[in-house]
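To keep things clear, I will list the structure first and then write my remarks on it.
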Amino acid sequence: MTFQFAMLGSGSRGNSALFSHESAGLLIDVGLGPRVLADRLNSVGSDWSRINAVVLTHTHGDHVDTGSFKGMAKRGIALYCHEGHRENLNGDGGFEALDRLGLVRHYDERPFLAPSGFRVEPITAWHDGGPTYGFRLEAGMGLKRRGVAVGYLADTGTWCDATADALANVDVLGIEFNHDVALQQGSGRSPALIARNLGDRGHLSNRQGAALVASILERSRQDRVSHLVLLHLSEQCNSPELALRSACDAVRESGRQVLVHAARQAPAHPDLRFKPTRSSFDWKASLAGAGRSKAAGRSTREVVGLLPGLNLEIA
Ligand SMILES: [Zn+2]
Ligand SMILES: [Zn+2]
């Protein structure tokens, strides 16, 4: 029973994440154009025929490109959104086609079961794009099986204890590391935009993301959180190196074993496979995944392995 989590795109020019198991798959957000999204799915060995549902975090343009909706309607793929997302989606032909077919489903704060069989728990975010949520996704649970869990939270200006509680004990943790505060302040952007990005309804800085990661690790058992994926990095006000440094400091201080990946706008990265084993940390599988990234010509600095007292950089 192997699960896949892949970031198909992450950043202010489009976001989408894949969580799948065999023929069951779910996308978080469809913020990439339909052709790009199909290409990114192919690049990680998947396609729309394996997708059963799409869940939307919010309706900012980098998270929803309605160009994919008509194809979803043809394939009978359900769209899960918050009721408050409707006002921004009404009037779009693809959205109305999904709605006519009963494929638009509403979620609120309560966990629900998506057609893929995955349990989806919305996690409240603080953002200026209307109702905004992160998600905890769980799959493969059985009477004697632990199953796997993925946590995903981006586009939030702040977080609280309940956020860390909801994201504890996942196998793969995706957290926003949007900007470096000094780079944001010196970016030359308008004061209003800088204040928005730094504010409680903007985006998490590297420092805030690292503090959230530390809090989640503190709440998690030793055999959980094998992978940490840094999300929604600003191209102008951040770099993978700065985000990784903040994240790795937090992981090192926790004394945990976690592989840290910086997601990119393009291409799809990382592309992780993992199993619900007793101890989910499988160095062999994790390093094989890192090898694939290197083969694709990506910076080796995007994947950093950590052992207590040892900073292992995969060259
Ligand atoms: Zn947003
Ligand atoms: Zn965004």
Side-chain angles (χ1 to χ4, degrees), residues 5-19 26-34 36-37 40 54-69 79-89 92 95 107 122-135 137 150-159 163 167 173-181 183-184 187 189-190 192-206 208-209 212 229-240 242-243 261-270:
F5 176 80
M7 281 311 304
L8 305 175
S10 183
S12 59
R13 288 187 289 116
N15 296 272
S16 187
L18 167 72
F19 179 48
L26 177 147
L27 292 179
I28 299 175
D29 289 337
V30 282
L32 301 166
V36 174
L37 186 53
R40 296 280 168 85
V54 170
V55 290
L56 287 189
T57 59
H58 63 307
T59 55
H60 274 159
D62 55 325
H63 296 262
V64 55
D65 182 318
T66 58
S68 291
F69 285 174
L79 175 72
Y80 286 84
C81 62
H82 189 277
E83 199 167 6
H85 294 161
R86 267 188 176 271
E87 58 180 290
N88 289 334
L89 299 172
D92 175 79
F95 182 74
Y107 67 78
I123 298 168
T124 303
W126 291 262
H127 198 51
D128 60 357
T132 304
Y133 292 87
F135 299 103
L137 309 174
V150 168
Y152 185 99
L153 180 68
D155 294 73
T156 188
T158 187
W159 58 274
T163 320
L167 291 164
L173 177 63
I175 295 292
E176 173 167 54
F177 277 66
N178 180 257
H179 56 268
D180 173 87
V181 172
L183 288 180
Q184 184 74 250
S187 63
R189 292 169 163 182
S190 74
L193 180 59
I194 292 171
R196 178 262 178 186
N197 288 339
L198 294 174
D200 278 354
R201 295 207 166 256
H203 293 278
L204 290 185
S205 68
N206 292 341
Q208 287 173 299
L212 175 55
V229 183
L230 316 184
L231 303 172
H232 218 305
L233 270 65
S234 164
E235 288 178 338
Q236 195 186 349
C237 300
N238 208 354
S239 69
L242 284 172
H261 316 257
R264 286 291 178 108
Q265 188 66 75
H269 176 80

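Both ligands and their constituent atoms are indexed starting at 1 by order of listing. Note that these values count all heavy atoms, side chains included, but never hydrogens, waters or copies made by symmetry. In this chain, residues are counted from 1 in sequence order.
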Exercise for the section: For F135, enumerate each residue passing the ring pair (Phe, Tyr, Trp, His ring centres under 6.0 Å) test, keeping only those at least two apart in sequence or located in another chain. Expected result: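 F135 satisfies ring pair (Phe, Tyr, Trp, His ring centres under 6.0 Å) with Y107 once adjacent residues are dropped.
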Practice task
On the 0 to 90° scale, with breaks at 30° and 60°, tag the F95-F69 ring pair as parallel, tilted or perpendicular.
Solution key: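 Correct class here is tilted.
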Handout entry: For the student: nearest non-hydrogen atoms of C237 and S187, plus distance
Key =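 Smallest interatomic distance, heavy atoms only, reads SG-CB, 3.7 Å.
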Handout entry: Aromatic ring proximity Y133/H58, centre distance under 6.0 Å
Key =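 Centroid separation for Y133 and H58: 6.0 Å or greater.
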Practice task
Give a yes or no on whether the ring-centroid distance for H63 and H232 is below 6.0 angstrom.
Solution key: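 Between H232 and H63, which both carry aromatic rings, the centre distance is below 6.0 Å.
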Problem - Residue and atom, protein N/O/S, under 2.8 Å of the Zn ion (ligand 2) - result: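 Metal shell, protein only: D62 OD2, H63 NE2, D155 OD2, H232 NE2.
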Handout entry: NZ/NE/NH1/NH2 to OD/OE distance under 4.0 Å, R13 and D62
Key =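 The answer is no: the pair does not qualify as a salt bridge.
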